[in-house]
J.: 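Got a structure here, written out as structure tokens. Questions coming.
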Amino acid sequence: MLLKHGPVRGIRSGRIRWSLNSQSVCYRLGDTLIDTGPPSGWRTIRRFVKEEHARQPIRKIIVTHHHEDHAGNAGRLQNLLDVPVFAPSECIDRLADGFSMELYRYIVWGRPSRVQAHPLPDQISVGFGHELQKVPAPGHADDMVCLYEAKRGWLFSADLYITARPQYLRYDEDLEQLVASLRRVRELSLDTVFCGHQGIVEHGARAIKRKLHYLVSLCARACALREAGQSSEKIRDELLGNEGLLYYVSRGDFAKQRLIDACLDGSRETPGRLAWQRAA
Ligand SMILES: [Zn+2]
């Protein structure tokens with residue numbers, strides 16, 4: 001499905017359409033492709049990229065983090081277009097050497113192609129007068145960055161947003177870092193957010209604030225229930241309900257319990273407590 005917002009164009013792809021996470025969006029701005037979609041969406045991506053390249057040449061690719069639904073076609077596209085790939089320096093080894101993945105990830109997103117990427121600079125020109133700033137945004141993944149077009153207030157948010165009310169935390173996500181990244185991005189002057197799964201999110205500043213507020217209040221509610229003597233399982237039940245389909249499909253990689261436990265952990269007498277207790 002083609003997405004358009006001014007000069008930004010995007011395509012959603014992926015084999016399975018059962019949730020927001022199972023398909024992802026890559027975007028084109030100026031002469032640059034931002035993220036490359038999952039290997040399971042390769043035919044859709046290839047068609048999109050060929051058409052875009054014929055319209056105006058694509059001269060480089062940026063990937064926002066190493067996950068296979070964002071960087072999974074970077075190697076194939078590098079071969080197709082013969083252009084450089086830029087990536088956060090934290091994931092260059094993983095993109096070149098591969099990394100271990102659970103079975104459901106192969107089934108939903110497919111096996112990523114390997115690629116030799118260059119370190120993404122702090123600021124990069126993407127042509128047609130657009131500059132993108134690198135904004136570190138760990139939490140969803142340790143290497144993730146967002147890309148900010150300051151003149152237009154556009155944020156290519158990778159997987160920072162996805163939804164304002166997440167119910168699950170994945171095993172490799174860090175809630176405290178995620179909240180810190182949302183706070184960092186909240187300081188930017190934002191108009192539109194280009195999300196890696198949701199697509200184009202109008203009123204981006206409001207969306208980021210809504211997610212931040214939800215997570216901080218979820219934590220406060222979890223802590224209040226613990227102080228009232230409830231177990232973490234009871235708290236999950238009360239605030240998020242039973243584990244859902246995503247928990248079983250991912251064999252527990254995505255878990256509501258993990259989100260609640262992370263809320264409770266972040267409120268202990270550690271530096272995390274200060275991070276959580278600042279107002280959303
Ligand atoms: Zn991701």
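Keep in mind the model is a prediction, meaning the values are calculated, not measured. The first residue in the sequence is number 1, and the count goes up from there. Counting starts at 1 for both ligands and their atoms, following the listed order.
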J.: Under 30°, 30 to 60°, or over 60°: which ring-plane class applies to F86 and H118, parallel, tilted or perpendicular?
T.: tilted
J.: If you round to 10 degrees, what value do you get for the angle at the Zn ion (ligand 1) between H140 atom NE2 and H67 atom ND1?
T.: 90°
J.: If I consider every N, O or S atom in D159, which one ends up closest to the Zn ion (ligand 1)? I only need its name.
T.: OD2
J.: Answer yes if the side chains of H65 and D35 hold a donor-acceptor pair under 3.5 Å, and no otherwise.
T.: no
J.: Do any N/O/S atoms of H65 come under 2.8 Å of the Zn ion (ligand 1)?
T.: yes
J.: When you look at D142 and R94, which way does the salt bridge (charged side-chain N to carboxylate O under 4.0 Å, His left out) test go after all the steps?
T.: CA-CA 12 Å; D142 58 354; R94 275 174 278 185; 3.1 Å; yes
J.: Does the Q198 side chain pair with the main chain of I162, one donor and one acceptor, at a distance under 3.5 Å?
T.: yes
